[in-house]
Amino acid sequence: MSIATTMIIRLEIRKSVASFGDVASALASAGGDIVAIDVIRAGKDVTTRDITVNVQDAGNKEIITILSNMPGIKVINVSDRTFLAHLGGKIEITPKMPIKNREDLSLVYTPGVARVCMAIAEDPGKAYSLTMKRNTVAVVTDGTAVLGLGDIGPQAAMPVMEGKAMLFKQLADIDAFPLCLDTKDTEEIIAIVKAISSGFGGINLEDISSPRCFEIERRLSAELDIPVFHDDQHGTAVVALAGLLNALKVVDKQIASCRIVVVGIGAAGVSICRLLLAAGARSIYAVDREGILSREQAYGNAEWRWLADNTNPEGLSGGLTEALQGADVFIGVSSGGILNVSHLQSMAEDNIVFAMANPNPEIEPELAEPYARVLATGRSDYPNQINNVLCFPGIFRGALDCRAREVNLEMKLAAAQAIASVVQEDERNEQYIIPSIFNEKVVEQVRLAVIKAAITTRTARRIPPDISD
Ligand SMILES: NC(=O)C1=CN([C@@H]2O[C@H](COP(=O)(O)OP(=O)(O)OC[C@H]3O[C@@H](n4cnc5c(N)ncnc54)[C@H](O)[C@@H]3O)[C@@H](O)[C@H]2O)C=CC1
Ligand SMILES: CC(=O)C(=O)O
Ligand SMILES: [Mg+2]
């Protein structure tokens with residue numbers, strides 16, 4: 001699928017050989033629309049210009065090849081709005097007060113700061129009131145499962161982690177620090193996160209590949225007294241459940257009697273299956289590359305063993321095709337393009353299809369639309385975007401505000417109900433089962449629901465002033 005973008009191309013034009021007119025016609029013939037021209041330098045023989053061009057496909061390299069091959073033209077640099085938005089990174093640290101004189105200096109730094117340090121040394125609980133701990137989250141990755149891009153390493157993962165930090169701040173006013181670790185060793189990741197954890201109010205694990213992500217989260221949750229939340233697992237599961245609750249109302253079906261196929265049993269898939277079971281689903285079929293998980297098979301992965309024992313009630317064997325026969329719901333968190341129209345035609349009437357792989361869904365929405373009663377993807381350019389960004393800002397806002405020790409099952413179920421309830425009954429339809437991330441009610445409703453669930457389950461260590469019993 002093509003994504004339109006704006007490119008900025010810096011060119012040197014040798015006047016004796018080529019003219020701007022030549023450049024303009026070459027761009028037009030390659031499908032580019034010129035929207036602005038800036039003269040950077042106008043020399044006697046050579047002019048340098050920045051040409052801003054709209055192209056239909058962000059991956060279009062043809063334009064640059066054509067320009068580079070033209071006599072008298074030298075392409076100096078190519079940029080686009082996406083790259084420009086990333087120049088120098090996307091976030092920074094800003095002090096809350098200026099240091100204007102010696103007095104300010106001795107307040108915020110030595111000698112004044114020493115008394116504050118000693119107060120915390122004597123009562124570590126004061127870290128919550130005297131440092132940024134109460135409002136900070138570490139976004140930790142090892143770069144091994146970045147979006148659907150795979151193991152691209154910690155440096156290449158940073159733009160996604162900076163993006164998560166931006167979303168934390170804009171949507172929930174949480175200060176998030178991206179930490180990209182140059183190790184894939186489970187024990188080393190656990191040790192590093194434990195060692196840095198005292199400065200943070202919570203840990204958001206991100207894009208760590210399965211099955212290592214399960215052990216890392218389990219151990220950190222057990223060994224730390226702040227919430228540890230692997231967003232690709234639980235954020236995704238919470239939002240998928242929220243979307244499903246509303247989709248089921250649209251098609252008038254009950255979760256307990258639905259046949260649900262989840263494909264891609266990695267970080268997201270495992271957590272989706274577990275949360276759907278907790279929400280009352282009884283017929284889940286978990287499908288990965290080797291086929292439907294079943295009791296008869298042996299699995300090295302403990303999560304798969306548990307799922308094999310708790311899903312597939314009919315002991316079905318086979319793969320995606322067999323699992324989808326008569327299914328009411330398809331949830332894909334696997335990879336792009338694995339689903340076809342005949343798969344959808346084999347499903348039950350009034351089927352629900354969540355093709356959530358990023359950046360390319362399991363089936364192109366245009367292809368799927370005529371064969372799915374309710375269709376959702378992870379993308380922002382189609383209706384019903386099911387993305388974990390609907391969950392992590394609000395769930396952490398709630399967990400930080402009530403100083404929860406963990407994010408437990410009840411908090412996740414409450415978050416899913418809260419997201420679903422933002423869509424009012426009279427608004428709900430096939431095209432609107434999940435609110436937009438820009439809907440201002442989402443974070444606040446998730447926050448409130450999560451705090452109440454944390455209080456009820458006794459994991460909250462503080463009752464925020466705006467919450468009444
Ligand atoms: N929309 C959203 O909010 C989110 C979407 N995702 C997307 O879901 C996908 C999976 O993410 P993770 O669970 O973090 O990755 P992961 O690597 O932990 O799991 C992916 C699983 O899918 C399986 N898989 C891949 N191709 C398959 C195929 N053809 N048939 C059956 N199984 C297949 C793999 O074997 C693996 O078990 C990615 O595309 C990711 O971008 C993940 C998190 C959130
Ligand atoms: C959305 C997200 O977290 C992912 O695709 O990995
Ligand atoms: Mg992710």
Side-chain angles (χ1 to χ4, degrees), residues 90-91 132-139 160-178 200-206 226-246 271 275 356 376 378 380 384-404 406-424 427-428 432-457 459-460 462-468:
K90 295 180 294 217
I91 52 172
M132 62 197 300
K133 180 179 172 90
R134 67 176 166 195
N135 200 45
T136 56
V137 166
V139 178
V160 173
M161 306 310 133
E162 288 185 12
K164 289 260 169 185
M166 290 174 90
L167 291 162
F168 265 118
K169 187 69 187 175
Q170 179 173 324
L171 298 172
D173 198 22
I174 290 170
D175 296 302
F177 286 71
F200 295 96
I203 307 289
N204 180 118
L205 301 174
E206 189 67 41
I226 53 174
V228 177
F229 182 83
H230 183 197
D231 184 37
D232 299 286
Q233 290 184 57
H234 315 299
T236 315
V238 163
V239 183
L241 174 59
L244 185 60
L245 292 172
N246 280 340
S271 186
L275 197 65
M356 292 166 57
S380 50
N384 295 333
Q385 182 186 19
I386 301 205
N387 192 291
N388 52 27
V389 65
L390 277 161
C391 174
F392 68 80
I395 218 162
F396 269 102
R397 184 72 276 160
L400 290 176
D401 287 354
C402 70
R403 273 179 221 160
E406 59 177 359
V407 177
N408 59 30
L409 175 63
E410 290 78 4
M411 291 157 79
K412 289 181 245 174
L413 288 169
Q417 291 285 358
I419 295 168
S421 70
V422 172
V423 179
Q424 307 279 306
E427 300 173 315
R428 198 168 50 223
Y432 188 44
I433 54 159
I434 197 89
S436 149
I437 70 150
F438 298 108
N439 186 320
E440 283 169 3
K441 291 185 198 151
V442 175
V443 171
E444 187 51 18
Q445 289 196 195
V446 172
R447 169 188 176 270
L448 286 173
V450 162
I451 291 173
K452 286 181 182 159
I455 293 170
T456 311
T457 55
T459 191
R462 170 180 181 267
I463 299 186
D466 64 326
I467 304 288
S468 52

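Being a predicted model, the structure only gives us computed values, none of them experimental.
- Partners of P435 according to the side chain to side chain contact (heavy atoms under 4.5 Å, CB included) rule, which considers only residues two or more places apart in sequence or in another chain, are L390, I419, V422, V423, Y432, N439, V442.
- With values rounded to the nearest 0.5 angstrom, I455 atom CD1 is found 4.5 Å from I463 atom CD1.
- Residues that satisfy the side chain to side chain donor-acceptor pair (under 3.5 Å) test with K164, not counting sequence neighbours, are E206, D231, N388.
- The OG atom of S421 lies 10.5 Å from the CZ atom of R428; values are rounded to the nearest 0.5 Å.
- The line from CD1 of I386 to CE of M356 is 5.5 Å long, rounded to the nearest 0.5 Å.
- In this view, K169 and D173, D175 satisfy the salt bridge (charged side-chain N to carboxylate O under 4.0 Å, His left out) rule, not counting sequence neighbours.
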Going through the distances and angles, do L241 and K412 end up as a side-chain contact (heavy atoms from CB on, under 4.5 Å)? CA-CA 10 Å; L241 174 59; K412 289 181 245 174; over 6 Å; no
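- Applying the side chain to side chain donor-acceptor pair (under 3.5 Å) rule to T457 yields the partners N408; only residues at least two apart in sequence or on another chain are considered.
- Scored by the side chain to side chain donor-acceptor pair (under 3.5 Å) test, N387 finds no partners at all (sequence neighbours excluded).
- The line from CZ of R403 to NZ of K133 is 9.5 Å long, rounded to the nearest 0.5 Å.
- Contact between A165 and I91 at its shortest, heavy atoms only, is CB-CD1, 3.8 Å.
- Between the CZ atom in F168 and the CD atom in Q170 there is a gap of 13.5 Å [rounded to 0.5 Å].
- Proximity of C402 to I467: side-chain heavy atoms (C-beta onward) are nowhere separated by under 4.5 Å.
- A donor-acceptor distance shorter than 3.5 angstrom exists from the side chain of N246 to the backbone of I433, with no hydrogens or angles considered.
- The side chain to side chain contact (heavy atoms under 4.5 Å, CB included) check on K90 picks up H86, P159, E162, M166, with sequence neighbours excluded.
- Residues satisfying the side chain to side chain contact (heavy atoms under 4.5 Å, CB included) criterion with A415, sequence neighbours excluded, are V238, I395, V446, V450.
- For E444, the side chain to side chain contact (heavy atoms under 4.5 Å, CB included) criterion is met by R447, L448, D466, not counting sequence neighbours.
- With sequence neighbours excluded, no residue satisfies salt bridge (charged side-chain N to carboxylate O under 4.0 Å, His left out) with E427.
- Residues meeting the side chain to side chain donor-acceptor pair (under 3.5 Å) test with T456, sequence neighbours left out: none.
- Among residues two or more places apart in sequence or in another chain, the salt bridge (charged side-chain N to carboxylate O under 4.0 Å, His left out) test is passed with R397 by D401.
- Considering only heavy atoms from C-beta on, F392 comes within 4.5 Å of L167 through its side chain.
- Every residue meeting the ring-ring contact (aromatic ring centres under 6.0 Å, His included) condition with H234, not counting sequence neighbours, appears here in chain and number order: F229.
- When all heavy atoms of P227 and G201 are compared, the pair lying nearest together is CD-O, 3.3 Å.
- The two residues A416 and A242 have their closest heavy-atom pair at O-CB, 3.4 Å.
- I203 contributes atom CD1, which lies 13.0 Å from atom NE2 of H230 (distance to the nearest 0.5 angstrom).
- Remark: side-chain polar atoms of Q385 are paired, donor with acceptor, to backbone N or O of G378 under 3.5 angstrom.
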